[in-house]
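What follows is a single structure, written as C-alpha cells, with notes after it.
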Amino acid sequence: MPDSPITERPETEREDFIREIVKDDLARGAVSAVVTRFPPEPNGYLHIGHAKALCLNFGIARQFGGICNLRMDDTNPAKEDVEYEDSILDDVRWLVAGWADDCLGLKARGDVARADGRDFHLAAVPPASAHGRALEPFRASDYFDALHAFGVRLIESGKAFVCDHTAEEVDRMRGAPGEGGQESHYRGRSAAENLDLFARMRAGEFPDGARTLRARIDMASPNVWLRDPVLYRIRHASHHNTGDRWCIYPLYDLAHGLSDYIEGVTHSLCTLEFVSHRPLYDWLLEALALPRALPHKYEFARLNLAHTVMSKRKLLRLVQEGRVSGWDDPRMPTIRGMRRRGYPAAALRDFADRIGVARRENRVELALLEHCVREDLNRHALRRMAVLDPVRVVIENYPEGKVEEFELADNPEDSAVGTRRVAFSRELWIERDDVREVPPPKFFRLSPGVEVRLRGAYWIRCTAVRTDATTGEITEVRATYDPETKRSNAPDGRKVKATLHWVSASHAIDAEARLYEPLFTAEDPDDVPDGADFTQGLNPRSLELRQGCKLERALVDAVPGQPLQFERVGYFVQDGAESRPGAPVFLRTVTLKDAWARVEKRGG
RNA sequence: UGGGGCGUGGCCAAGCGGUAAGGCACGAGACUUUGGCUCUCGCAUUCGGAGGUUCGAAUCCUCCCGCCCCAGCCA
C-alpha cells in the first residue's frame with residue numbers, strides 16, 4: 001500500500017536504554033547471543049521489585065532470542081536457606097509461564113563450574129536437550145572451586161593479598177569519603193606467603209574474621225570500593241548447598257562478576273545502588289586476564305511502590321512481628337502474596353512493561369498496578385453474584401414457594417466461556433449499600449418508589465423500607481416486581497437507572513470475604529518523622545473481614561485461584577489456604593472502578 | 001566538604017539540535033441488563049534554575065539549586 005496516505009508505523013518493541021545497548025551490541029557483533037541472569041539471594045521471598053528485574057532480564061532474553069539464567073546468589077551461609085530457594089524457583093516459574101518458559105536458563109542437577117584448562121565455564125542446558133536429566137537453578141556456591149582458583153590466581157599475579165587486620169581496623173583504615181584510606185600493614189606480603197596463608201585459611205587454621213583475602217587496588221581511590229576490598233572472609237559455617245566443605249566464602253563483588261563470566265552472561269543488569277561497584281566488577285574481570293568475552297554490567301532504578309515497603313529486612317519484620325499473617329499474606333508486595341490474592345502473572349508483567357526502565361528514582365502509584373490487574377481480570381474472570389453486606393428484600397407480588405432459574409453469562413466479554421443457572425425466588429438478598437431510605441442526589445439505586453433492574457431477572461419497585469427503631473438501620477426492603485420485565489426492558493418504554501446484583505435467600509451459600517486496603521497509609525512508609533519506625537505507618541484498616549456474605553449457588557464449585565468477578569463489587573478468588581468445606585473464604589483481589597463512590601466522595 | 005547517579009505534567013515515561021510520544025490518574029460526554037467494560041474529547045506555550053552557543057535548545061556549553069547512592073569480613 002505505497003499509495004496509502006497514512007503510513008502505518010511498525011509496531012515498535014518497548015525501548016529503554018538497556019535494550020538500546022543490547023541492540024547495538026548485537027548490531028555491531030560485540031555479542032552473538034544474549035545471556036542475562038536473574039540472581040536473587042535465597043534469603044527471603046521475591047517481591048514486586050524482583051518482578052520488575054525479572055521481567056527486564058527475561059524480557060530481553062525473549063526479545064533477542066537469548067536466555068536468562070536463574071542464579072541463587074548464595075555466598076553467605078549465615079543468611080540463606082533452601083526453603084527460600086524452592087519458593088524463588090516456584091515464583092519464577094509462575095511469572096515466566098506461558099511467556100518466557102524457553103528463556104529460563106537452568107543447569108543439570110549437580111553440575112558445577114567446569115574447569116577447562118585455566119578457564120571455568122557452565123552454560124545453561126536448553127530444555128530440549130536435557131534428555132530427561134533434572135534441571136535446577138544455577139548457584140554461586142557451585143562455583144566455589146572456580147572462585148577459589150580465581151582468588152589464587154589474583155594472589156599469584158600480585159593483585160590480592162591476605163590481610164590480618166581485624167574488621168574494625170579494616171573499617172577504620174578504609175577512610176571516609178573525602179579522605180584517603182590507609183594501606184594494610186600486610187599489603188606487601190610475597191605471593192608465596194599469601195598463597196600459604198590463603199591455603200591455611202581454607203584449611204580452617206584460623207578462626208572467623210582472623211584474616212581476609214583482599215584485592216590490591218588503590219587505598220587512595222575516591223571510590224571506596226576500590227580501596228583494597230575484601231574478597232574472601234573466614235566463616236566456619238555450614239552452607240545449605242556445600243555443607244562443611246568450605247570455611248572461607250567469597251564476597252558479593254568477587255562472586256557476582258565471576259559467576260556472570262562463568263555462565264557466559266553478556267549483560268549483567270542490576271540496580272542503581274551498585275553503580276559504584278562497577279569499577280570493581282570490571283577490575284576483577286580484567287585482572288584475571290580471562291580467555292572468553294567478559295560480561296558488562298548496567299544499572300537501572302529499582303521499583304518503589306506507593307503505600308508499601310520493599311526491603312526484605314522490613315518485609316521480614318512485618319512477618320516476624322505478626323503485622324501480617326506471613327510472606328503470602330495477600331497484603332504483602334511479595335509474589336506469593338499477590339499470587340494468593342489473585343493477581344495474574346500476566347498483569348504483573350504488563351505492569352513491569354508499563355513502568356518502564358530508567359535510571360530515575362521513582363515511586364509508582366498503586367493505581368497503575370491495579371489497572372493492570374483489572375484489565376487482565378476483566379477478560380478472564382468468571383462473573384458471579386455475591387452480596388457482601390446482605391439486606392433482605394421481599395417481593396410481595398411474587399408467589400411464595402415459586403422458583404425460577406435464569407441463565408446468565410459467565411463472562412459478557414467472552415460468550416464462549418459459557419453460562420450458569422441462577423435461582424430466583426420471592427425473598428432475596430441485596431447489598432445494603434444499594435438501598436437508601438432517603439436517597440442522596442444522583443443515587444440511582446433502590447429507595448421507596450424507585451424501580452431498578454435485578455441483574456438477569458426482573459425489575460422491582462421498592463414499596464417500603466423497614467428500619468430498626470433504635471438504630472435506624474434498614475432491616476428489610478419490600479418491593480413488587482413487574483412480570484413484563486423478565487430479562488428484558490419494560491414494554492411500555494419505562495427506563496430504569498440502576499441494575500442491582502442479588503442472591504435468592506433460600507438458595508444462597510454463606511461465605512467469608514476478606515477485603516484489603518493498602519498495608520500502609522502513607523505513600524512512602526519510610527518517610528517518617530525523625531527516628532520513628534516505619535511500622536507506625538501501618539494501615540489499621542488494611543484488612544476487613546466480612547462474615548455471613550451471601551453467594552449464588554454456582555460458587556460452591558469455585559476452584560481456589562480461579563479469578564472471579566463478583567458483579568458490581570470487585571474481583572475475588574477463593575482462598576485455597578483458609579477455605580474449609582462448607583465455609584469458603586474469598587479474597588478481594590481488587591475492587592471494580594466505582595463511579596458512584598467518586599460522586600459520593602465529591603458530594604460529601 | 002570525596003566519588004558517583006539523577007532532575008520532562010499528580011505518578012510513571014518517550015525524547016539523542018528542528019519546535020513536548022504514550023500509559024496511569026483526573027475531568028467532560030457517549031454507550032451500557034455490572035455507576036464495570038468500551039468509545040470520544042480535554043489535560044506541560046514548556047522540560048530543576050540562570051546565563052551562553054545556534055536561524056532554531058528538553059536536547060550542546062557554563063554556573064547554580066535540589067534529590068538519591070557509597071565508609072558490611074551483607075547482597
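Just so it is clear: chains get the letters A, B, ... in the order the sequence lines come, proteins before strands, and each one is counted from 1. When reading the values below, keep in mind they use all heavy atoms of this one structure, side chains included, and skip hydrogens, waters and symmetry mates.
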Practice problem: For Arg19(A) and rC16(B), give me the distance from atom CZ to atom P, rounded to whole Å. | Solution: 19 Å

Self-check item: Asn76(A) side chain, from C-beta outward: closest of rC74(B), rA28(B), rU34(B)
Solution: rC74(B)

Quiz item: What nucleotide among rA71(B), rC37(B), rG35(B) has an atom nearest to a side-chain atom of Val224(A)?
Solution: rA71(B)

Quiz prompt | C1' gap between rA50(B) and rA14(B), integer Å | solution = 27 Å

Self-check item: Strand partner of rU34(B), provided both Watson-Crick or wobble distances fall under 3.5 Å
Solution: none

Self-check item: Along RNA chain B (nearest heavy atom to each residue), the more 5'-positioned of Thr485(A) and Ala367(A)
Solution: Ala367(A)

Exercise. Return the value, rounded to whole Å, for the distance between atom CG of Leu500(A) and atom P of rG35(B).
Key: 8 Å

Exercise. Under 4.0 Å between any heavy atoms, over every strand shown, what does Tyr249(A) touch: base, sugar-phosphate, or nothing? Just pick one.
Key: nothing

Exercise. Under 4.0 Å between any heavy atoms, over every strand shown, what does Glu567(A) touch: base, sugar-phosphate, or nothing? Just pick one.
Key: base

Quiz item: Do other residues, nucleotides or ligands put more than 12 heavy atoms under 6.0 Å from the CZ atom of Arg359(A)?
Solution: yes

Exercise. Could you please name the option among rC73(B), rG23(B), rG15(B) that lies closest to any side-chain atom of Leu368(A)?
Key: rG23(B)

Quiz item: Rounded to whole angstrom units, what separation is found between the CG atom of Leu280(A) and the C1' atom of rG4(B)?
Solution: 15 Å

Quiz prompt | Pairing partner of rC73(B) (Watson-Crick or G-U wobble, both distances under 3.5 Å) | solution = none

Quiz prompt | Donor-acceptor side-chain pairing of Glu413(A) and Asn411(A) below 3.5 angstrom | solution = no

Self-check item: Donor-acceptor side-chain pairing of Glu404(A) and Tyr458(A) below 3.5 angstrom
Solution: yes

Exercise. Could you check which nucleotide pairs with rG66(B) in any of the strands shown, counting Watson-Crick or G-U wobble with both distances under 3.5 Å?
Key: rC6(B)

Practice problem: Using the P atom as the reference point in each nucleotide, state the distance between rG27(B) and rC63(B) in Å, no decimals. | Solution: 46 Å

Practice problem: Assign Thr499(A) to base, sugar-phosphate, or nothing according to its heavy-atom contacts below 4.0 angstrom with the strands shown. | Solution: sugar-phosphate

Quiz item: Across the strands shown, which category fits Arg598(A) at heavy-atom distances under 4.0 angstrom: base, sugar-phosphate, nothing?
Solution: sugar-phosphate

Exercise. Take the protein atom CZ of Arg302(A) and the nucleotide atom P of rC69(B), then report the distance between them rounded to whole Å.
Key: 11 Å

Quiz prompt | Pair assignment for rA20(B), Watson-Crick or G-U wobble, requiring both distances under 3.5 Å | solution = none

Quiz prompt | Same-atom distance (C1') from rC16(B) to rU8(B), integer angstrom | solution = 15 Å

Quiz item: Can you tell me how far P in rA25(B) sits from the matching atom in rC64(B), rounded to whole Å?
Solution: 42 Å

Quiz item: On a plain distance test, is the side chain of Glu365(A) in donor-acceptor contact with the base of rG10(B) below 3.5 Å?
Solution: yes

Practice problem: Please state the P separation for the pair rC70(B) and rU19(B) - nearest whole angstrom. | Solution: 41 Å

Practice problem: Ignoring backbone atoms, establish whether Arg233(A) has a side-chain N or O less than 4.0 Å from OP1 or OP2 of rA75(B). | Solution: yes

Quiz prompt | Who pairs with rC41(B) - Watson-Crick or G-U, where each distance is under 3.5 Å | solution = rG27(B)

Quiz item: Do Phe144(A) and His239(A) have their ring centres less than 6.0 Å from each other?
Solution: yes

Practice problem: Could you check whether Asn362(A) gets within reach of a base, just the sugar-phosphate, or nothing at all, counting any heavy atom under 4.0 Å? | Solution: sugar-phosphate

Quiz item: How far, in whole Å, is rC55(B) from rC43(B) if one measures between their C1' atoms?
Solution: 33 Å

Practice problem: Classify the nucleic acid contact of Lys79(A) as base, sugar-phosphate or nothing, counting any heavy atom under 4.0 Å across all strands shown. | Solution: base

Exercise. Ignoring hydrogens and angles, state whether a donor on the side chain of Arg455(A) or His501(A) is under 3.5 Å from an acceptor on the partner side chain.
Key: no

Exercise. Just name whichever nucleotide pairs with rA13(B), Watson-Crick or G-U, keeping both distances under 3.5 Å, else none.
Key: none

Practice problem: Indicate, with a heavy-atom threshold strictly under 4.0 Å, whether Tyr571(A) touches base, sugar-phosphate, or nothing. | Solution: nothing

Quiz item: When all nucleic acid strands are considered with a 4.0 Å heavy-atom cut-off, which category describes Pro412(A): base, sugar-phosphate, or nothing?
Solution: base

Practice problem: For Tyr252(A) and rA75(B), say yes or no: do the ring centres fall under 5.5 Å of each other while the ring planes differ by less than 30°? | Solution: no

Quiz item: CZ of Arg174(A) versus P of rG2(B): gap in Å, rounded?
Solution: 20 Å

Practice problem: Check every strand shown and say whether Asp253(A) touches a base, only sugar-phosphate, or nothing at a heavy-atom separation below 4.0 Å. | Solution: nothing

Exercise. Establish, for the pair Lys314(A) and Phe534(A), whether the NZ or CZ atom is under 6.0 angstrom from the six-membered ring centre and no further than 45 degrees off its axis.
Key: yes

Self-check item: Anti versus syn assignment for rG72(B), with syn defined as within 90° of 0
Solution: syn

Quiz item: Taking atom P in both rG52(B) and rA58(B), what distance in whole Å separates the two?
Solution: 15 Å

Practice problem: Describe the nucleic acid contact of Glu523(A) in one word from base, sugar-phosphate, nothing, applying a heavy-atom distance below 4.0 Å. | Solution: nothing

Within the sub-3.5 Å range, which N or O atoms of nucleotides 6-8 of chain B have a protein N or O partner, and how far apart are they?
from   : atom 1 : to        : atom 2 : distance (Å)
rC6(B) : OP1    : Arg359(A) : NE     : 3.1
rU8(B) : O4     : Arg360(A) : NH2    : 3.3

Quiz item: Of the candidate nucleotides rC12(B), rA14(B), rC74(B), which contains the atom at the shortest distance from the side chain of Ala358(A)?
Solution: rA14(B)

Exercise. Assess whether one donor atom and one acceptor atom, taken from the side chain of Glu168(A) and the base of rC73(B), lie less than 3.5 Å apart.
Key: no

Practice problem: Assess the side chains of Arg384(A) and Gln565(A): does a donor N or O sit below 3.5 Å from an acceptor N or O? | Solution: no

Quiz item: Which part of the nucleic acid does Ser221(A) contact within heavy-atom distance under 4.0 Å: base, sugar-phosphate only, or nothing?
Solution: nothing

Self-check item: Lys/Arg-Asp/Glu bridge criterion (N-O < 4.0 Å) met for Arg174(A), Asp228(A)
Solution: no

Practice problem: Report the residue (Arg455(A) or Lys312(A)) whose heavy-atom-nearest nucleotide on RNA chain B is the more 5′ of the two. | Solution: Arg455(A)

Practice problem: Please report, rounded to the nearest Å, how far the C1' atom of rA71(B) is from the CZ atom of Phe274(A). | Solution: 16 Å

Quiz prompt | Candidate nucleotides rA28(B), rC24(B), rG15(B), ranked by approach to the side chain of Glu20(A) - the nearest | solution = rG15(B)

Quiz item: Do you see a donor-acceptor pair shorter than 3.5 Å between the side chains of Ser276(A) and Asn223(A)?
Solution: no

Exercise. Determine, for Arg302(A) against Glu273(A), whether the closest basic-nitrogen to carboxylate-oxygen distance falls under 4.0 angstrom.
Key: yes

Quiz item: What is the distance from NZ of Lys497(A) to P of rC31(B), rounded to the nearest Å?
Solution: 13 Å

Quiz item: To the nearest Å, how far apart are Asp164(A) CG and rC73(B) C1'?
Solution: 13 Å

Self-check item: Short side-chain donor-acceptor distance under 3.5 Å, Glu451(A) and Tyr481(A)
Solution: no

Practice problem: Identify whether any heavy atom of His277(A) sits under 4.0 Å from a base atom; if not, whether one sits that close to sugar-phosphate; answer base, sugar-phosphate or nothing. | Solution: base

Self-check item: His240(A) versus Glu85(A), side-chain donor and acceptor atoms under 3.5 Å
Solution: yes

Self-check item: Side chain of Arg383(A) (C-beta onward), nearest among rC24(B), rG3(B), rU34(B)
Solution: rU34(B)

Self-check item: Atom C1', compared across rG66(B) and rU34(B): separation rounded to whole Å
Solution: 48 Å

Practice problem: With heavy atoms under 4.0 Å as the rule, sort Glu299(A) into base, sugar-phosphate or nothing. | Solution: nothing

